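Everything below concerns the one structure shown next.
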Amino acid sequence: DGIAMVVAHRISMDGGLQEATVEYVKSQGATYTVITNGAAAIGDTFTFAVERSYAPLILKKSPIEIRVTRSCVVGFYRPDY
């Protein structure tokens with residue numbers, strides 16, 4: 001969830017999905033999937049999913065995949081709020 005929140009914030013701030021954001025996701029051991037069809041312009045809603053494998057302590061012995069889906073408005077971030 002934390003990775004997805006950072007990605008949504010960066011997409012809003014950068015006006016789209018940038019290579020630095022993709023590298024951030026990879027550095028966290030996660031993968032992303034773009035759900036929005038076509039290129040998103042400023043003001044459009046961008047939907048994506050971030051998926052990561054976790055080794056749970058109690059639920060089961062094998063790793064589980066956690067997938068978080070988020071939407072954000074492209075280019076909506078204003079630092080003066």
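Positions are given from 1 along the sequence. Nothing here was measured: the structure is a model prediction, and the numbers come from that model.
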- [ ] Would you sort out whether Y32 and V7 count as a side chain to side chain contact (heavy atoms under 4.5 Å, CB included), showing the intermediate values?
- [x] CA-CA 10 Å; Y32 76 95; V7 170; over 6 Å; no
Task: T69 to A49 - nearest heavy-atom pair and separation - done: OG1-CB, 3.9 Å
Open item on the list: Test question: given the 4.5 Å side-chain rule for I, L, V, M, F, W and Y, name all other residues clustered with L57, or answer none.
Closed with: I58
- [ ] Please name the pair of heavy atoms, one in V50 and one in A30, separated by the smallest distance, quoted to 0.1 Å.
- [x] CG1-CB, 3.9 Å
TODO: Kindly compute the distance separating CD1 (I66) from CD1 (I3), expressed to the nearest 0.5 Å.
DONE: 11.0 Å
Open item on the list: Please give me the minimum heavy-atom distance between V74 and A40, naming the atom from each residue.
Closed with: CG2-CB, 3.8 Å
Open item on the list: Please determine whether side chain to side chain contact (heavy atoms under 4.5 Å, CB included) holds for the pair F48 and L17, giving the CA-CA distance in whole Å, both sets of side-chain angles, and the decisive distance to 0.1 Å.
Closed with: CA-CA 10 Å; F48 64 94; L17 184 63; over 6 Å; no
Task: Pairs involving residues 39-65, ordered by first then second residue, that meet side-chain hydrogen bond (donor to acceptor under 3.5 Å, both in side chains) (sequence neighbours left out) - done: T47-S71, S53-E65
Open item on the list: With clusters defined by side-chain heavy atoms of hydrophobic residues (ILVMFWY) lying less than 4.5 Å apart, directly or transitively, does M5 cluster with V25?
Closed with: no
Task: Residue pairs fulfilling side-chain hydrogen bond (donor to acceptor under 3.5 Å, both in side chains) with at least one residue in residues 13-27, sequence neighbours excluded - done: none
Open item on the list: Please find the pair of heavy atoms, one from V68 and one from A4, that lie closest to each other, and give the distance.
Closed with: CG1-CB, 3.8 Å
